[in-house]
Amino acid sequence: MTDKKFYLTTPIFYPNAKLHLGHAYTTTISDILVRYHRLQGEKTYFLTGSDENTQKVVQAAKAAGVTPTEFLDGIIRNFKTLFYSPNISYDQFIRTSDEEAHWPGAVLLWKKLVEAGDIYKKEYEGLYCVGHEAFITEKDLVDGKCPDHGSAPEKIQEENYFFKLSRHTQAIKEKIESGELQIIPDTRRNEILSLLSQGLEDVSFSRPRTDSSVGIPVPGDDSQVMYVWCDALSNYITALGYGRDDALYKEFWPVNLHVIGKDILRFHAAIWPGVLLSAGLPLPKALLVHGFITSGGKKMSKTLGNVIDPEELLAEYGTDAVRYYLARHISPFEDGDITRESFKDVYNADLANGLGNLTARILQLAQTHLEKPVAVEMTPAPKKFSDAMDRFEIHKALEYIWSRISALDHKITETAPFKLVKTDPEKGKAIITELVHELAAIDLLLEPILPETSKKIIEAIVANKKPETLFTRKQ
Ligand code: ME8
């Protein structure tokens, strides 16, 4: 046991539609990292949730002909059953519509910003993109439309509260340059540093309340509600009880790792540190900023018809197969691609023929030729594996495991224990025992990545019995 702690968060996702494979990517790599730290004996805390105080939900509910609450309840069920239970081993799922859990902390944080003299009111005119939940500029538009959402922004003129982000530019830059706030990978760090060197502008932090407004009223001014990003970012501390019961906050803040996609880098690497600095709170230790998943080289979109439904993949191939593809074949640092064909090829090659076949071969030999189960012991993770995991290079950690899987396959072919047991039983059995030991060592490394499969393999080793087929080949 160690007294180290590891607090990891995912973004809180918008519940205006079901989650897709991109979201599953974020939660999967997050879960792998948390499980890895948990297995080292660290005290971990894993937070995920949903970002509910948004016009997107109001609009989606209207389109579905139900109330926002009814709409949310349905979607949250999808969130929870689909990804989070049981294999995304989160400790807390925060909903920002939760007035008891989330709102007091968001209000306290706002008050701290006011005390610091960083909140002011201003007449504002701008182009608002509902898809981004943010103001965008003329130069972001392509043919008058937001290129990410394909819709024209609304021209809005209103009075808002602003946060003096500009004032914190230099301090944020210093924290990132000194490595106190780590941004991984370097490409994203450079991207944000170049933005910071141009200077940050103040940001809108509230919207006027309308009949359809959802969200947290601005303290002392009921005519305004907190803007979605201001309300959303604070979830990372309100979930720990900031502003109500802060035992968890004291234990786990500052966070060790915020895992986010590249789309929300600016919010997390500029606005969030600015808010924390203004409020006098410690900054996150690191941000892991992953790329986007495309399908067939194109952004997954309903209009292109190339959206891969994780529900379908999970039903057809099982949780561990989906975890495997995402962890092995998508680098956490760059965009990655998936198609139904690439998924099936990888599944058949690496899981059905690779790990599945190897396990069956070895445990068939063990069951037939060994009188009792091989006593396996915990072996420390090799440096190559732990270095890769510590650098968040999950894909490389898996490459390493699979190189041991093919080495073990070769060993069976070279030593041919199935023949040897007939001519020299003692030697044959000794080799089979070695194979089981190596399979157990590989299995231990797989535990944070493929938890279900890893459990099945170790149980089979302990029972000295070939397990049911782990991954059935797909045609
Ligand atoms: O931005 N590939 O929520 P969101 C990989 N509520 N990851 C993807 C992805 C893709 N194609 N698409 C989405 C929000 N993601 C805010 C966050 S946090 C305080 C508030 C993942 O539902 C990725 O993690 O739009 C991205 O950052 C996140 O989903 C955006 O989720």
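Every number for a ligand or one of its atoms is a count from 1 in the order of the listing. Values below: every heavy atom of this structure, side chains too, minus hydrogens, waters and symmetry copies.
- Among all protein heavy atoms, the one lying closest to atom 21 (C) of ligand 1 is Thr26 OG1, 3.5 Å.
- Protein heavy atom in closest approach to atom 20 (C) of ligand 1: Ile12 O, 3.5 Å.
- Under a 4.0 Å heavy-atom criterion, Trp229 is in contact with ligand 1.
- Taking only nitrogen or oxygen atoms, main chain and side chain alike, Ala232 does not reach within less than 3.5 Å of ligand 1.
- Of the possible polar contacts, none joining the Lys112 side chain to the Gly280 backbone as a donor-acceptor pair under 3.5 Å is found.
- A donor-acceptor contact closer than 3.5 angstrom is absent between the side chains of Glu42 and Thr44.
- Summarising the contacts of atom 12 (N) of ligand 1 with His23, Lys299, His290, His20, the nearest heavy atom is found in His20.
- Here is the list of ligand 1 atoms found below 4.0 Å of a heavy atom in Gly261: 23 (C), 24 (O), 26 (C), 27 (O).
- With Tyr236, Phe267, Tyr14 as candidates, the residue nearest to atom 18 (S) of ligand 1 on a non-hydrogen basis is Tyr236.
- Between Trp229 and Tyr14, the ring planes are perpendicular. Angles over 60° get that label, and only those under 30° would be called parallel.
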Review point. Hey, mind stepping through Ser194 and Ser197 against side chain to side chain donor-acceptor pair (under 3.5 Å) and telling me if it holds?
Key: CA-CA 5 Å; Ser194 107; Ser197 61; 5.2 Å; no
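- For atom 5 (C) of ligand 1, the candidate residues are Gly291, Ser234, Ala17, Pro11; the nearest heavy-atom contact is made by Gly291.
- Using cut-offs of 30° and 60° on the angle between ring planes, the pair Tyr249 and Trp253 is parallel.
- Among all non-hydrogen protein atoms, the one lying nearest atom 31 (O) of ligand 1 is Phe13 CD2, 3.5 Å.
- The nearest protein atom to atom 1 (O) of ligand 1, hydrogens excluded, is given as Ile264 CG2, 3.6 Å; this is a heavy-atom distance.
- In Lys474, the NZ atom is crowded: over 12 heavy atoms of neighbouring residues, nucleotides or ligands sit closer than 6.0 Å.
- A tilted orientation is assigned to the rings of Tyr236 and His268, their planes being inclined by 30° to 60°.
- Comparing heavy-atom distances from atom 27 (O) of ligand 1 across Asp263, Ile260, Leu326 singles out Asp263 as nearest.
- Every atom of ligand 1 is numbered from 1 in the order shown, and the set under 4.0 Å from a heavy atom of Asp51 is 6 (N), 16 (C), 20 (C).
- Between Tyr124 and Phe162, a ring centre-to-centre spacing shorter than 6.0 Å is recorded.
- A donor and an acceptor atom, one from each side chain of Asp140 and Thr137, are located under 3.5 Å apart.
- Each of the atoms 2 (N), 5 (C), 10 (C), 11 (N) of ligand 1 lies under 4.0 Å from some heavy atom of Ile293.
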